[in-house]
Structure formats: structure tokens, C-alpha cells
**Student:** 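Take this structure, written in C-alpha cells, and hold onto it; I'll ask about it next.
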Amino acid sequence: MALQENQIIELLKQIKYPGFSRDIISFGLVKKIEISEGDLKIRIEITTADQNIPKQIHQEVTAILQKLPEVTSVDLDIAVAAPLQSAMEAGGLPQNKIAGIQHIIAIASGKGGVGKSTVAANLACGLAKLGKKVGLCDCDIYGPSVALMFGSNERPYANEHQKILPIERHGVKLMSMGFLLDEDSAAILRGPMVTRYTQQFLRNVEWGELDILILDLPPGTGDIQLTIVQTVALSGAIVVTTPQEVALIDARKALTMFKKVNVPLLGIIENMSYFFCSDNGKKYPIFGEGGGKREADKNEIPLLGEIPLEMETREASDHGLPILLRNPKLKSSEDFLSISSKLIDIL
Ligand code: ADP
């Protein structure tokens, strides 16, 4: 029986992108399949600086296709695009850089609830306060919180070129993947559809000129994070964690993920490091002490800050005004501003 494209696709679905649980078909990396009797011509495109990744994909694809008795030859072309640094070194503009944006930074966490969005929102405000043109994009389709933290329920408009215009609040340009989806549509978006939506979304926002775009990633180290890394050239990533071991276990996974895809790690931010009791002036390390510092040292990256657990921080977010703007004198606000300043120095 003659070979069918479907047959090939089914086989290629068994090949996972190295280090991830998702396969190369669902990531949209296989761009062309041509069949001429038993001769196969396949083109795969990936963005990585790790030479082992194309090598491993090459071996696995060839091995799996040669198992089909109908296949006589496999001509496999793997095109590798360099991520930001190497392309910049080569003197060109990387294809996955967004025009007008100088730096894109991802704020990630292994676990939900550690304060990643709070950190992202306050850093955006801190950077804006220090005179930078800043954008903040909430990439969590399933649980967007940036809109809530900035007290915005506006829906963005598209311009005449069908590009979506961000909303501006407190000097920060805001966009959320959740702005364009109602809850029901978000709930049914799965697998490759999420990938496609994420890619289209990131390419179709009219950010204008920005010094820094902060991407508030969804928690975890799954497919959507890899999609983002493959879609835009990140200048670096920051991992947010709380000090206790259960959070650190997942933070380590996030650190490993960025290393694997060659995104520079700019540092760790430890949140909820201690509770400061204003009644007696004592610090209580509710979730333990020193976890963020140990992890940063182990990875030879900076610990950018240790932010206290403060009731006002939570209240500020719930009231739609990040704490840095609502009460700049609070310890957390000072910490967020100091981290913003360190970030500018690092970049
Ligand atoms: P994540 O993005 O990691 O899921 P969020 O930023 O949504 O976490 O924070 C979870 C909850 O904890 C929110 O209610 C937020 O206001 C609160 N929170 C985060 N950081 C602090 C802090 N340092 N002090 C007090 N509350 C905080």
C-alpha cells in the first residue's frame, strides 16, 4: 500500500521535543512532508542554540521512519534558527524579535500562588517609575490576573491593520491573553490550539516602542512556556519562588527548563520571605529561611530580592493598584523598586 501523509504524522507524534512531554508535531515544528513512492522528504524547523537538540530529533525521526517497510529513503532537513544572543552576535536581527521592543523578559514560577503575577505587576510599575517604557503581558490563558491587579476591565481594540492595541494603566502598557477570550473558550483551548493562539497573540499586539516587555508566564514548565520561548527571543527569565522546599522543587524545574532552551537566567526573586509584625517589630519566617538564596547560589545567579509577606500587598492587588503605587513606603514596595533598578543594570 502507498505511504500516506497521515501515517507519517502519526509516527512523528511519538517523538517528543527533547526534555519536554510534548511531541514535535503538536509543537508545529514539522513544516513539510513530501512523499514520492517510498522516498520521504521532511522539513523540520526549530529555534535553539543547543546543537544536541537537532541531532537527537534527527536520529529519532530517521529511526522511527525507517521502521516502515514501505520507506526506501528519508531526506530530513532540520533548519535551526538561533535564538537572540547568537543571532545578535552574527550582526542580524533575530527573526523572533518583536520590532520596537528592546528586551523581553519572562517572569516564571514552578508553582502557582507564589506571587509571580504580583511580582510581574510591581516590577512593571517599578521599571516605569524609573523612566522605562514598559509593557506587561499576562500569558496565562486559564487564569489571567494582570487585569485584576491593574483594576482594568476594558477590552482592547484592534487597529486598522488588525493589530491589538494594549490598554495603558499607570504608565504601563497592558495586555492579557485572557482579554480576548471568554472563560468558556479558554477552557476548551488545548494542546496545539494553545500553541497557535499563543504564537498569533504574541505577534499581533501593537506594543509600539518599549524598553522592556514583561511576560507573566503561567505557572509550571509545560508546553505553553516552550511555545513562548520558541516564538519570541527572550533577553532572560526570572524565577519567582517562596522559601520552602515544596516551592523550591518546582522552581528548580523552571530553572532547568530555561537552561535547556538557552534562555539566560537573570535571577531568582524570593517572595513571602518573612512576615513583619508591626506590633512587635519582629520578622517571622513563616515559610522557612534562605531557600531562594541557596538556590540562587547553586545556580550561580543573583538573588534579586527577598520580599516580605504583607497584608497591604495582597489588598493592593485586590483593589487594582499594585502596592508599589498604592504605598511606595512599604518594605515590599521598596524591595520591588530596588529589584527594578537591579534589572535595568543587568540588562
Ligand atoms: P501567582 O501568580 O504565583 O499565582 P499571585 O501573584 O496571583 O501568585 O499571588 C497569589 C496571592 O498572594 C494573591 O492574592 C496576592 O495578592 C498574594 N500575594 C502575593 N505576594 C504577596 C506578598 N508578598 N504579601 C502578601 N500577599 C501576597
Side-chain angles (χ1 to χ4, degrees), residues 105-126 136-152 169-170 172 174-178 186 214-222 224-225 228 237-244 246-255 257-258 267-278 283-289 291-292 295 303-340:
I105 293 169
I107 310 275
S109 71
K111 241 191 191 359
V114 298
K116 173 185 49 58
S117 296
T118 307
V119 168
N122 280 287
L123 288 189
C125 294
L136 171 61
C137 183
D138 189 339
C139 301
D140 195 347
I141 299 179
Y142 305 113
S145 43
V146 160
L148 177 79
M149 289 186 181
F150 278 80
S152 165
R169 301 282 284 190
H170 317 306
V172 176
L174 293 180
M175 197 61 212
S176 168
M177 290 203 181
I214 293 182
L215 302 181
D216 180 7
L217 297 194
T221 50
I224 195 150
Q225 289 83 359
I228 291 168
I238 294 174
V239 173
V240 179
T241 183
T242 47
Q244 76 277 40
V246 278
L248 290 169
I249 291 172
D250 290 351
R252 274 175 216 129
K253 289 185 194 156
L255 293 165
M257 178 189 79
F258 287 115
I268 290 179
I269 296 177
E270 189 186 87
N271 188 28
M272 309 191 191
S273 297
Y274 56 90
F275 168 68
F276 175 75
C277 178
S278 50
K283 285 180 176 180
Y284 293 90
I286 294 176
F287 298 119
E289 269 175 301
E295 217 46 53
L303 176 70
L304 297 169
E306 292 167 305
I307 317 237
L309 181 68
E310 289 181 286
M311 200 149 75
E312 268 194 67
T313 304
R314 196 268 310 148
E315 285 170 351
S317 293
D318 283 352
H319 283 94
L321 187 62
I323 190 68
L324 185 85
L325 302 178
R326 190 165 143 124
N327 182 357
K329 294 222 161 66
L330 204 70
K331 176 74 171 74
S332 306
S333 306
E334 287 172 357
D335 289 342
F336 282 128
L337 195 62
S338 129
I339 299 172
S340 308

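Heavy-atom basis, side chains included; hydrogens, waters and symmetry copies ignored. Numbering of ligands and ligand atoms starts at 1, following listing order.
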**Student:** For Glu310 and Ser332, indicate whether the former's side chain and the latter's backbone hold a donor-acceptor pair under 3.5 Å.
**Tutor:**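 It does hold such a pair.
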**Student:** Could you tell me whether ligand 1 has any atom less than 4.0 Å away from a heavy atom of Pro308?
**Tutor:**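 Heavy atoms of Pro308 do come under 4.0 Å of ligand 1.
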**Student:** Quick check on contacts: which atoms of ligand 1 are under 4.0 angstrom from a heavy atom of Gly113?
**Tutor:**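 Contacts of ligand 1 toward Gly113, numbered from 1: 1 (P), 3 (O), 4 (O), 8 (O).
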**Student:** Measure the distance from atom 14 (O) of ligand 1 to every protein heavy atom, then report the residue, atom name and distance (to 0.1 Å) of the closest one.
**Tutor:**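 Its nearest protein heavy-atom neighbour is Arg314 CG, 3.5 Å.
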**Student:** Counting only nitrogen or oxygen atoms and a 3.5 angstrom limit, does Val114 reach ligand 1?
**Tutor:**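 Yes - when backbone and side-chain N and O of Val114 are compared with those of ligand 1, one distance drops under 3.5 Å.
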**Student:** Please determine if Asn271 has a nitrogen or oxygen closer than 3.5 Å to a nitrogen or oxygen of ligand 1.
**Tutor:**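 Between Asn271 and ligand 1 (N or O atoms, distance only) the closest approach is under 3.5 Å.
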**Student:** How far is atom 25 (C) of ligand 1 from the closest protein heavy atom, and which atom is that?
**Tutor:**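 Looking only at protein heavy atoms, the one closest to atom 25 (C) of ligand 1 is Glu310 O, 3.0 Å.
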**Student:** Give the residue and atom name of whichever protein heavy atom lies nearest to atom 8 (O) of ligand 1, and the separation in Å to one decimal.
**Tutor:**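 Residue, atom and distance for the closest contact: Gly115 N, 3.1 Å.
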**Student:** With nothing but distance in play, are any N or O atoms of Met272 less than 3.5 Å from an N or O of ligand 1?
**Tutor:**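 Among all N and O atoms of Met272, none is under 3.5 Å from an N or O of ligand 1.
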**Student:** Please could you name the atoms of ligand 1 that Lys116 approaches to less than 4.0 Å, counting only its heavy atoms?
**Tutor:**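 Near Lys116, meaning under 4.0 Å from one of its heavy atoms, ligand 1 has 1 (P), 2 (O), 3 (O), 6 (O), 8 (O).
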**Student:** Please confirm whether Pro219 approaches ligand 1 to less than 4.0 Å, judged on its heavy atoms.
**Tutor:**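 No, Pro219 has no heavy atoms under 4.0 Å from ligand 1.
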**Student:** Report the residue from Leu255, Val240, Ile238 that forms a side chain to side chain contact (heavy atoms under 4.5 Å, CB included) with Ile268.
**Tutor:**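 Only match with Ile268 under side chain to side chain contact (heavy atoms under 4.5 Å, CB included): Leu255.
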**Student:** When you measure from the heavy atoms of Met149 to every atom of ligand 1, does any distance fall below 4.0 Å?
**Tutor:**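 True for this residue.
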**Student:** Give the residue and atom name of whichever protein heavy atom lies nearest to atom 2 (O) of ligand 1, and the separation in Å to one decimal.
**Tutor:**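 So the nearest neighbour among protein heavy atoms is Ser117 N, 2.8 Å.
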**Student:** Among protein heavy atoms, which sits nearest to atom 15 (C) of ligand 1, and what does the distance come to when rounded to 0.1 Å?
**Tutor:**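 So the nearest neighbour among protein heavy atoms is Thr118 OG1, 3.7 Å.
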**Student:** What do you reckon, does Ser332 put a non-hydrogen atom under 4.0 Å from ligand 1?
**Tutor:**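 No heavy atom of Ser332 comes that close to ligand 1.
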